[in-house]
Asker: 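Sharing a structure, written as structure tokens. Questions coming.
In listed order, ligands and their atoms are each counted from 1. What you are looking at is a predicted structure, and each value in this text was computed from that prediction instead of being measured. Throughout, residue positions are numbered sequentially from 1 according to the sequence presented.
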Amino acid sequence: MNERATTGPELSAARSVLERLPPALHDINDRLARAFTAAGHELYLVGGVVRDLLLGRPVTDLDYTTSAQPEETKRLGQAAGADSIYTVGEAFGTIGLVFAGVVVEITTYRTEWYPTADRRPAVRFGRSLLEDLARRDFTVNAMAVHAVTGELVDPYGGLRDLERRVIRAVGDPRERFREDPLRMLRAARFAAQLGFDVETETREAMRELAAELQRVSVERIAMELDRLLVAPEPDRGLEFLRETGLLPFVLPELVPLAEDVADRRHKDVWRHTLLVVRQSPPRLAVRWAALLHDAAKPMTRTVDEQGEVHFFGHEVKGAELARKALRRLRQEKALVERVARLVELHLRPAAYDETWTDSAVRRLMVEAGDLLEDLLDLVAADVTSARAWRRREARARIERLRAHIRRLEEEAALAQIKSPLDGNELMAIFGLPPGRWIAKVKNYLRDLVIEGELAPGDKETARILAERWLAEHPEVIESARERTGRR
Ligand code: ATP
Ligand code: MG
């Protein structure tokens, strides 16, 4: 393989890579390039940042690989004007630098990096850029760009694979996946993020080695799954997991659903699920809920005498399943609860129609609490009928529910805008009978609430203000006293 595999059209692509950096990043790159070159070190942009620049995707942080040792990198980073430095990754050769909010990671050339069975990463520093690129997972992630010259180093045909839109392992895929089985899941994640296919041999190796994924810690698996789910084409990644047989080792809870595709017993819940995930907004809790919302359908399926299929209680069973799956993946407690609750509630808004009273809608609002937005988005995505009129009708129903909720919210907000003290309270405070004075005091207090000078529930302050105002307006009270006297 040619050490400098950049020719003709590739070189012109390479030249423009540095120019594609947004100005702030371009400036940081210049400063680092000068500092490292002056010290006689090599510095290359590498991995995802090169891939994304070539694809024209937005880039917000910078990743470099260098011949400098971490100690030296710290010194040079400071010389280049970094605001702060973090060293949590130093044992793996990574120094983090922050320049005006931009995160830059610079890693010393490595030859090996994959967590061993006991989860301690095995790291060996390498001697050259090419050694470093050789240990990376996929060709599109194994390119580097010289920080000074902009020269593209692409020993594995990453640029060609970017053009063909394929994920291909660097070298022998079996070897790569045995070294670090997480790479198989990463292939699915990149397919979902980039909308790429996975090259045949790489795909075959995944089918063969799927079970190896059991060696990988759940934390690493969960992190890749999260990234896959919020990607632009999560359905592509998920279907790929099913096809290659990775699913049982990643999300065993979904296997019954996925097997459904093969025997087509009931309306293809798997394809429906993928579509709901795809249609839902890319927020983590919503996407997880979309993935799990029908997961309990296979085990709750019944057929009645008329031959109709039911899934009684699948939302409750599904919530249990969601909790189990997300706990197993050691997801954060707040996310686990959020997703489980969304699954549990997912049928409620879909049942909305004109017979729902205000109190029925209010009950849903209170039960959903801060999940309401997520819930409505989930339910809107949960409309995948093949018939256009059905989809239109279902969407219109959810829109009407949204409008109903908005109206109740506005009414509730308006109901807040009133005097904190009512007539009875005012009479008790001032020891006066009913009369026009009450309306006058209440109007005065309500205006203060409207102006934001008095909180709607602040009776204490309201009392003090009312007393002061009445003292300043004796005529209001006088008429009330006269009437008392007359009685
Ligand atoms: P993103 O933009 O989504 O972060 P990325 O390509 O930067 O994508 P990271 O997981 O941040 O992905 O990894 C950075 C780079 O490190 C990759 O591009 C790849 O070259 C290399 N890499 C990361 N994880 C592995 C791994 N498990 N095996 C081999 N190489 C890896
Ligand atoms: Mg990255």
Asker: So, applying side-chain contact (heavy atoms from CB on, under 4.5 Å) with Val145, which one of Leu54, Val50, Asn29, Leu21 is it?
Answerer: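 Exactly one option meets the side-chain contact (heavy atoms from CB on, under 4.5 Å) with Val145, and it is Val50.
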
Asker: Heavy atoms only, cut-off 4.0 Å: how does Glu105 contact ligand 1, side chain, backbone, both, or neither?
Answerer: neither

Asker: Backbone or side chain, does any N or O of Gly48 fall under 3.5 Å from an N or O of ligand 1?
Answerer: yes

Asker: Heavy atoms only: give me the nearest Leu213-Phe249 pair and the separation to one decimal.
Answerer: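 Minimum heavy-atom separation between Leu213 and Phe249: CB-CB, 4.1 Å.
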
Asker: Under 4.0 Å, counting heavy atoms only: does Arg186 come that close to any atom of ligand 1?
Answerer: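 True for this residue.
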
Asker: Does Arg136 come within less than 4.0 Å of Asp132, counting only side-chain N to carboxylate O?
Answerer: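 Judged by the 4.0 Å cut-off on N to carboxylate O distance, Arg136 and Asp132 do form a salt bridge.
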
Asker: Relative to ligand 1, is Phe177 under 4.0 angstrom through side chain, backbone, both or neither, heavy atoms considered?
Answerer: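 Looking at Phe177 and ligand 1, no heavy atom falls under 4.0 Å.
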
Asker: For atom 27 (N) of ligand 1, tell me which residue out of Val59, Asp180, Asp137, Leu194 has the closest non-hydrogen atom.
Answerer: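 Selected option, by shortest heavy-atom distance: Asp180.
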
Asker: May I ask whether Phe138 places a heavy atom under 4.0 Å from ligand 1?
Answerer: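 Heavy atoms of Phe138 never come under 4.0 Å of ligand 1.
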
Asker: Which ligand 1 atoms, with their elements, are less than 4.0 angstrom from a heavy-atom of Gly47?
Answerer: 18 (O)

Asker: What's the verdict on salt bridge (Lys or Arg N to Asp or Glu O under 4.0 Å) for Glu224 and Arg227, showing C-alpha distance, side-chain angles and the deciding distance?
Answerer: CA-CA 5 Å; Glu224 288 298 333; Arg227 286 161 141 184; 3.3 Å; yes

Asker: Do Arg341 side-chain atoms and Glu367 backbone N/O form a donor-acceptor pair below 3.5 Å?
Answerer: yes

Asker: Could you go step by step and tell me if Lys74 and Glu90 meet the salt bridge (Lys or Arg N to Asp or Glu O under 4.0 Å) rule?
Answerer: CA-CA 10 Å; Lys74 270 192 266 185; Glu90 189 163 355; 3.3 Å; yes

Asker: With a cut-off of 4.0 Å, which atoms of ligand 1 are near a heavy atom of Arg189?
Answerer: 1 (P), 3 (O), 8 (O), 10 (O), 12 (O)

Asker: Under 4.0 Å between a Lys/Arg side-chain N and an Asp/Glu carboxylate O for Asp172 and Arg176?
Answerer: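 No, Asp172 and Arg176 are not salt-bridged.
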
Asker: Is any side-chain heavy atom of Arg124 less than 4.5 Å from a side-chain heavy atom of Glu131?
Answerer: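 Contact flag for Arg124/Glu131 side chains = no.
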
Asker: Which ligand 1 atoms, with their elements, are less than 4.0 angstrom from a heavy-atom of Arg227?
Answerer: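 Answer, ordered by atom number: 4 (O), 10 (O), 11 (O).
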
Asker: Would you mind finding which of Arg110, Arg51, Arg136, Met143 brings a heavy atom closest to atom 20 (O) of ligand 1?
Answerer: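 Shortest heavy-atom distance from atom 20 (O) of ligand 1: Arg136.
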
Asker: Judging by distance only, is a nitrogen or oxygen of Asp63 under 3.5 angstrom from one on ligand 1?
Answerer: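 There is no such contact.
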
Asker: Determine, using heavy atoms of Gln193 and all atoms of ligand 1, whether some pair is separated by less than 4.0 Å.
Answerer: yes

